[in-house]
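Step one of this worksheet: look at the structure below.
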Amino acid sequence: QSGTGSYAKSVGKRVANTSAYNNNAAKGQCVWYVRGRASEKLGKDPGAIGNANEMYYNAKADAKLSATTSNIKPNIIVSYGKGTSSAGAKYGHVIYIEDVVGDTVYYTEGGSGYYKNGTDGVIKTATREGILKGVNSSGSRMGSNVIGFIDLNKY
């Protein structure tokens with residue numbers, strides 16, 4: 001499934017309106033962010049389905065996708081077993097896939113800095129393989145030990 005490429009001009013810019021996010025996850029963290037982004041873009045919230053490293057396991061059965069390059073598409077949550085921060089080491093990390101054009105994946109994330117001043121909701125890029133390896137186009141690590149994908153269109 002290929003996107004429109006509309007995010008190409010937004011790389012490095014904040015596209016998420018995090019000030020409107022209102023869910024019961026820890027504010028500013030990655031789970032809070034992906035739930036808010038799903039609500040903002042799709043009007044859907046996967047609900048309180050655990051920490052980042054638990055979300056995939058607790059997702060609706062028909063929303064679970066295996067972590068393969070062909071399953072990377074817009075409006076999925078990628079769940080990693082380990083993140084890059086001290087919190088990520090314990091709770092994992094999740095990112096939100098905004099769009100996919102060819103091998104370029106446009107994604108956003110939360111918990112990457114205080115949500116008003118950090119890079120939360122800023123468009124970043126990775127290759128499809130980079131998503132599986134947890135490394136983006138600038139060589140920064142988002143997470144490791146990819147668990148699986150959650151298809152938000154199934155909520």
Side-chain angles (χ1 to χ4, degrees), residues 1-8 10-11 15-16 18 21 23-26 28-85 87-112 115 119-155:
Q1 183 178 0
S2 182
T4 63
S6 60
Y7 287 99
S10 299
V11 173
V15 294
T18 55
Y21 293 2
N23 61 64
N24 61 359
Q29 296 301 316
C30 60
V31 170
W32 169 84
Y33 176 79
V34 297
R35 288 180 60 196
R37 189 66 175 147
S39 181
E40 179 181 7
K41 282 190 78 183
L42 304 173
K44 300 178 179 190
D45 181 356
I49 55 177
N51 295 320
N53 58 2
E54 300 167 327
M55 285 186 78
Y56 173 79
Y57 301 111
N58 296 331
K60 286 174 49 174
D62 67 342
K64 293 179 186 180
L65 299 173
S66 56
T68 63
T69 55
S70 59
N71 278 340
I72 297 171
K73 59 186 180 179
N75 301 310
I76 64 167
I77 294 171
V78 179
S79 181
Y80 294 103
K82 298 284 185 194
T84 57
S85 67
K90 183 174 182 181
Y91 302 113
H93 190 54
V94 283
I95 64 172
Y96 191 99
I97 304 297
E98 301 283 348
D99 199 5
V100 182
V101 180
D103 193 43
T104 302
V105 181
Y106 298 91
Y107 75 95
T108 56
E109 63 187 334
S112 55
Y115 68 98
T119 61
D120 292 7
V122 170
I123 293 287
K124 300 172 187 171
T125 61
T127 62
R128 288 175 182 267
E129 196 61 37
I131 292 293
L132 298 184
K133 292 179 177 173
V135 179
N136 70 20
S137 299
S138 29
S140 297
R141 180 162 286 289
M142 307 92 86
S144 59
N145 305 329
V146 65
I147 297 169
F149 304 152
I150 301 167
D151 185 349
L152 292 163
N153 296 302
K154 302 288 185 179
Y155 276 86

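Treat the numbers as computed from the prediction; the structure is a model and nothing was measured.
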Inset, instruction - Ignoring hydrogens and angles, tell me if any N or O in the side chain of Asn53 forms a donor-acceptor pair with the backbone of Lys90 under 3.5 Å. - result: yes
Legend entry - Within-4.5 Å side-chain heavy-atom neighbours: Arg35 and Asn24: yes
Inset, instruction - Report yes if the side chains of Val34 and Met55 come closer than 4.5 Å at any heavy-atom pair, otherwise no. - result: yes
Legend entry - Distance-only side-chain donor-acceptor flag, Glu109 / Tyr33, under 3.5 Å: no
Legend entry - Matching residue for Val146 among Ile131, Val78, Thr68 - test: side chain to side chain contact (heavy atoms under 4.5 Å, CB included): Val78
Legend entry - Lys154 atom NZ, neighbour heavy-atom count above 12 within 6.0 Å: no
Inset, instruction - With rounding to the nearest 0.5 Å, note down the distance linking CD1 in Ile95 to NZ in Lys124. - result: 9.0 Å
Inset, instruction - Provide the closest heavy-atom pair for Asn58 versus Ile49 in the form atom of the first, atom of the second, distance. - result: ND2-O, 3.1 Å
Inset, instruction - Using only heavy-atom distances, determine whether the side chains of Asp151 and Asn153 contain a donor-acceptor pair under 3.5 Å. - result: yes
Inset, instruction - Identify the two heavy atoms, one from Ala67 and one from Gly148, that lie closest to each other, and give their separation to 0.1 Å. - result: CB-CA, 4.1 Å
Inset, instruction - Under the side-chain hydrogen bond (donor to acceptor under 3.5 Å, both in side chains) rule, collect the residues that match up with Lys41, sequence neighbours excluded. - result: Tyr7, Asn75, Glu98
Legend entry - Over all atoms of both residues, closest heavy-atom pair of Ser6 and Ser10: O-OG, 4.1 Å
Legend entry - Ile72 side, atom CD1; Arg128 side, atom CZ - distance, nearest 0.5 Å: 6.0 Å
Legend entry - Side-chain donor/acceptor of Lys82 to backbone N/O of Ala89, under 3.5 Å: yes
Inset, instruction - Any pair with a residue in residues 130-149 that passes side chain to side chain donor-acceptor pair (under 3.5 Å), sequence neighbours left out, goes on the list, sorted by first then second residue, please. - result: Tyr107-Asn136, Thr125-Ser137, Asn136-Ser138
Inset, instruction - Any chance you could measure Ile150, atom CD1, to Leu152, atom CG, to the nearest 0.5 Å? - result: 7.0 Å
Legend entry - Expected output: side-chain Asp99 to main-chain Tyr106 donor-acceptor under 3.5 Å: no
Legend entry - Straight-line distance of Ile147 CD1 to His93 NE2, nearest 0.5 Å: 12.0 Å
Inset, instruction - For Tyr91, look at atom OH and say whether over 12 heavy atoms of other residues, nucleotides or ligands are found less than 6.0 Å away. - result: no
Inset, instruction - Would you indicate whether the side-chain heavy atoms of Val94 and Tyr56 approach each other to under 4.5 Å? - result: no
Inset, instruction - Return the minimal non-hydrogen interatomic distance between Gly130 and Met142, and the atom names on each side. - result: O-CE, 4.3 Å
Legend entry - Min side-chain heavy-atom separation Thr69-Leu132 under 4.5 Å: yes
Legend entry - Minimum-distance pair of heavy atoms, taken over all atoms of Val135 and Ala126: O-CB, 4.0 Å
Legend entry - Backbone of Ala52 reached by a side-chain donor or acceptor of Ser79 within 3.5 Å: yes
Inset, instruction - Would you mind reporting whether Pro46 and Ile77 have side-chain heavy atoms less than 4.5 Å apart? - result: yes
Inset, instruction - Please round to the nearest 0.5 Å and tell me the distance separating atom CH2 of Trp32 and atom OG1 of Thr18. - result: 4.5 Å
Inset, instruction - Would you give the length of the straight line joining atom CZ of Phe149 to atom CD1 of Ile76, rounded to the nearest 0.5 angstrom? - result: 5.0 Å
